[in-house]
Amino acid sequence: VQLQASGGGLVQAGGSLRLSCAAVGSIFSINDMGWYRQAPGKQRELVADITSGGTTKYAESVKGRFTISRDNAENTVYLQMNSLNPEDTAVYYCNAQVGGWGKAGYSETDYWGQGTLVTVSS
């Protein structure tokens with residue numbers, strides 16, 4: 001399974017970007033999908049998360065500005081980012097909890113995308 005992220009770039013403060021992340025490979029099911037970010041010198045933090053049923057969770061710093069969504073048929077998660085500010089500058093990583101069946105039965109594995117850089121200029 002691979003997660004292929006896209007959509008990062010350079011934007012001015014107040015602008016918008018949309019990130020996409022598609023899970024490809026042998027997939028039985030995907031439970032939670034999410035976006036994390038890591039700014040220079042800081043730890044990776046959760047930005048937003050969405051369950052397979054559509055329940056969402058956001059970091060306080062992005063509530064009201066970012067919207068997470070997913071297309072279960074396409075195994076894809078999106079992050080619409082509006083009203084961006086320089087504090088949103090970071091590498092954004094997508095994450096997916098992929099379920100599958102093996103010899104030991106059902107298990108879940110965390111997968112990460114390669115990261116996409118978002119830079120917001122003031």
Would you say the ring centers of Tyr36 and Trp112 fall short of 6.0 Å from each other?
yes

Tell me if a side-chain donor or acceptor on Ser52 pairs with a main-chain N or O of Asn31 at a distance below 3.5 Å.
no

From Lys57 NZ over to Asp49 CG, what is the distance, rounded to the nearest 0.5 angstrom?
5.0 Å

Cationic tip of Arg37 above Tyr93 ring, under 6.0 Å, 45° of axis
no

Nearest heavy-atom approach of Ser16 to Asn82 is OG-OD1, 2.9 Å

Just verifying a value: how many Å separate Leu19 CG and Met81 CE, rounded to the nearest 0.5 Å?
4.0 Å

Counting C-beta onward and ignoring hydrogens, is there a side-chain heavy-atom pair between Tyr92 and Leu117 closer than 4.5 Å?
no

Rounded distance [0.5 Å steps], OG in Ser83 versus CZ in Arg65:
7.0 Å

Minimum side-chain heavy-atom gap Ile68-Tyr78 below 4.5 Å
no

Distance in Å, Glu108 CD paired with Phe28 CZ, rounded so as to fall on 0.5 Å steps
11.0 Å

Is there a continuous path of hydrophobic side-chain contacts, each under 4.5 Å between heavy atoms, that joins Leu79 to Val11?
yes

Once rounded to the nearest 0.5 Å, what's the spacing between atom CD of Gln4 and atom SG of Cys94?
9.5 Å

Can you give me the closest heavy-atom contact between Cys21 and Leu3, atom names plus distance?
SG-CB, 3.7 Å

Minimum heavy-atom distance Gly7-Leu17, with the two atoms named
O-CD2, 3.9 Å

Donor-acceptor pair, Thr89 side chain versus Val120 backbone, under 3.5 Å?
yes

Do Phe66 and Leu84 make a side-chain contact, defined as non-hydrogen atoms from C-beta onward lying under 4.5 Å apart?
yes

Could you check whether any side-chain heavy atom of Ile27 comes within less than 4.5 Å of a side-chain heavy atom of Asn75, counting everything from C-beta outward?
yes

What is the minimum heavy-atom distance between Met33 and Thr76, and which atoms define it?
CE-C, 4.3 Å

Please determine whether residues Val91 and Leu46 belong to a single hydrophobic cluster, defined as Ile, Leu, Val, Met, Phe, Trp and Tyr linked transitively by side-chain heavy-atom distances below 4.5 Å.
yes

Has the side chain of Asn95 got a donor or acceptor atom that lies under 3.5 Å from a matching backbone atom of Tyr111?
yes

I'd like to know whether CD of Gln2 has more than 12 heavy-atom contacts from other residues, nucleotides or ligands below 6.0 angstrom.
no

Compare every heavy atom of Arg70 with every heavy atom of Ile50, then report the nearest pair and how far apart it is.
O-NH1, 3.2 Å

Verify the ring-centre separation between Trp101 and Tyr106: is it less than 6.0 angstrom?
yes

Hey, is the main chain of Gln80 close enough, under 3.5 Å, to the side chain of Arg18 for a donor-acceptor pair?
no

When every non-hydrogen atom of Pro86 is compared with those of Ala13, the smallest separation belongs to CD-CB, 4.2 Å

